[in-house]
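Proteins come first, then strands; the chains are lettered A, B, ... in the order of their sequence lines, and each starts at number 1.
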There are 2 protein chains.
Amino acid sequence: MTTQKTYSIGELAREFQITTRTIRFYEDQGLLHPQRRGQTRIYLPSDRVALKLILRGKRLGLSLAESRELIQLYIPTGDNRHQLQALLDKIAEKRAMLAQQLKDIQAMQQEMDEAEQRAREAMMQLENNNV
Amino acid sequence: MTTQKTYSIGELAREFQITTRTIRFYEDQGLLHPQRRGQTRIYLPSDRVALKLILRGKRLGLSLAESRELIQLYIPTGDNRHQLQALLDKIAEKRAMLAQQLKDIQAMQQEMDEAEQRAREAMMQLENNNV
DNA sequence: CAACATCTTTACGTTTACGTAAACTTCCCC
DNA sequence: GGGGAAGTTTACGTAAACGTAAAGATGTTG
């Protein structure tokens, strides 16, 4: 018997640097589904993974609704063909978004290079004028 | 004499698939600074570039405040050393963010691969059961 | 056993990023 | 010269993602 590790809401909040309010809000929005012991929420490793996905999604500008979709891509899929095709479509859609973001990041990185260049050159100018 | 091209608010809205309300809002937030001919706004190519940066920022999850910072990295920097150092710090900060996003994207792409695999396998199962 | 930490629910407040509507000029066209 | 089409300002509305506060249950520790 493999007993799973469990987490309290406070533990997760500390680990991920968010508030308990935020975690409860994600549950409210259907992104997390913790167990209960009485009133108290008990989180399993799978909840922790979901939380990681949500926060990663946030860093990439996903809405909670979008992250919920993403999480559902991980739920064991005993679906029918129609559902599976919809799933594949969603995956393709997310891929396209990621590809666009990759482009955006590369463009921004290049512009950071150029901005840094300009700043360094302006700094050199100041050095020279001060001799 | 090199006369610059100009754009109306409607032209830009159409080109970037946003509303004029949105463009005016960005001006309100200090992200755009169009000329005026009487009451009417006249946009220069530099405004158009700024708009592109804003929209790219949005795709990467930047707030308008963050995009405003980014845009300021492009303003000709006739600053003093202190300002320039602050500028370099900001650039480094944005770089770190982009690096994190890159990681996030790669992780997500891999998970999309896996999700697609699972979906395809589930589909194959259905095919077999139906023979 | 009193006090403190941690948990709970309920509910109103706040920020960001616009949407939507009203009421008004300006220009162009037949 | 009476409509449109496109521009303007002003202002209230809204969805998303929490923040913040109140009021209470639960556990544990000196």
Side-chain angles (χ1 to χ4, degrees), chain A residues 5-44 47-48 50-72 94 97 100-101 104, chain B residues 5-44 47-48 50-72 94 97 100-101 104:
Chain A
K5 212 206 156 182
T6 66
Y7 308 87
S8 75
I9 194 169
E11 281 177 293
L12 291 181
R14 243 163 296 147
E15 176 175 0
F16 293 110
Q17 300 270 62
I18 57 184
T19 68
T20 60
R21 172 70 174 93
T22 297
I23 296 179
R24 290 196 193 96
F25 180 73
Y26 292 162
E27 178 181 353
D28 214 64
Q29 301 299 305
L31 291 154
L32 296 175
H33 309 282
Q35 313 285 104
R36 296 270 177 158
R37 204 184 65 197
Q39 283 278 78
T40 306
R41 292 169 175 81
I42 306 282
Y43 296 87
L44 298 180
D47 294 312
R48 192 168 159 279
L51 196 47
K52 268 195 183 180
L53 288 177
I54 297 168
L55 298 177
R56 193 166 71 197
K58 278 198 59 180
R59 288 197 300 272
L60 292 176
L62 299 196
S63 69
L64 293 186
E66 288 170 316
S67 283
R68 184 173 40 217
E69 278 192 13
L70 265 180
I71 289 173
Q72 279 160 8
K94 300 295 175 191
M97 184 203 71
Q100 175 63 54
Q101 286 195 319
D104 288 334
Chain B
K5 211 205 157 184
T6 65
Y7 307 86
S8 74
I9 194 169
E11 281 178 293
L12 290 181
R14 241 164 296 145
E15 177 175 0
F16 293 108
Q17 301 271 63
I18 56 182
T19 68
T20 59
R21 171 70 175 94
T22 296
I23 296 179
R24 290 196 194 96
F25 180 73
Y26 292 162
E27 177 180 354
D28 214 63
Q29 301 299 305
L31 291 154
L32 296 174
H33 310 279
Q35 315 283 106
R36 295 270 178 157
R37 205 184 64 198
Q39 284 277 79
T40 306
R41 291 168 175 81
I42 305 283
Y43 296 88
L44 298 181
D47 295 311
R48 192 169 159 281
L51 196 46
K52 269 194 183 182
L53 288 177
I54 298 168
L55 298 177
R56 193 166 70 197
K58 278 196 58 180
R59 287 196 301 271
L60 292 177
L62 300 196
S63 69
L64 293 185
E66 288 171 316
S67 283
R68 184 171 42 218
E69 277 191 15
L70 264 180
I71 289 172
Q72 280 160 8
K94 301 294 176 193
M97 184 202 69
Q100 176 63 54
Q101 286 195 318
D104 289 334

Between [N] ([atom2]) and [X] ([atom1]): distance, integer Å:
X: F25(B); N: dT10(D); atom1: CZ; atom2: P; answer: 16 Å
X: D28(B); N: dA11(D); atom1: CG; atom2: P; answer: 13 Å
X: Y26(B); N: dA17(C); atom1: OH; atom2: P; answer: 8 Å
X: Q29(A); N: dA17(D); atom1: CD; atom2: P; answer: 7 Å
X: L12(B); N: dA6(D); atom1: CG; atom2: C1'; answer: 14 Å
X: L31(A); N: dC18(D); atom1: CG; atom2: C1'; answer: 13 Å
X: I23(A); N: dC7(C); atom1: CD1; atom2: C1'; answer: 13 Å
X: R24(B); N: dG7(D); atom1: CZ; atom2: P; answer: 8 Å

Contact check, side chains of [X] and [Y], non-hydrogen atoms, under 4.5 Å:
X: L31(A); Y: L53(A); answer: no
X: I23(B); Y: F16(B); answer: no
X: R14(B); Y: Y7(B); answer: no

Below the 4.0 Å mark, does [N] have OP1 or OP2 next to a side-chain nitrogen or oxygen of [X]?
X: T40(B); N: dT26(C); result: no
X: T22(A); N: dG19(D); result: yes
X: S8(B); N: dG7(D); result: yes

Next on the checklist: I want to confirm an ordering. Mapping T20(B) and Q39(A) to their closest nucleotides on DNA chain D, which one lands closer to the 5' end?
Outcome noted: T20(B)
Checklist outcome for this item: Walking DNA chain D from its 5' end, the first of I9(B) and R37(A) to be reached, judged by nearest nucleotide, is I9(B)
Checklist entry - Should the heavy atoms of other residues, nucleotides or ligands under 6.0 Å from CZ of R36(A) be counted, would the total exceed 12? => result yes
Checklist outcome for this item: Closest of dC7(C), dG19(D), dA17(C) to the R21(A) side chain is dG19(D)
Next on the checklist: Nearest to the side chain of K58(A), heavy atoms from C-beta on, is which of dG7(D), dC18(D), dA17(C)?
Outcome noted: dC18(D)
Checklist outcome for this item: side chain to side chain contact (heavy atoms under 4.5 Å, CB included) test vs Y43(B) passes for just one of R48(B), Q35(B), E27(B), namely E27(B)
[X] near the nucleic acid: base, sugar-phosphate alone, or nothing, with a heavy-atom cut-off under 4.0 Å?
X: S63(B); value: sugar-phosphate
X: R41(A); value: sugar-phosphate
X: R36(A); value: sugar-phosphate

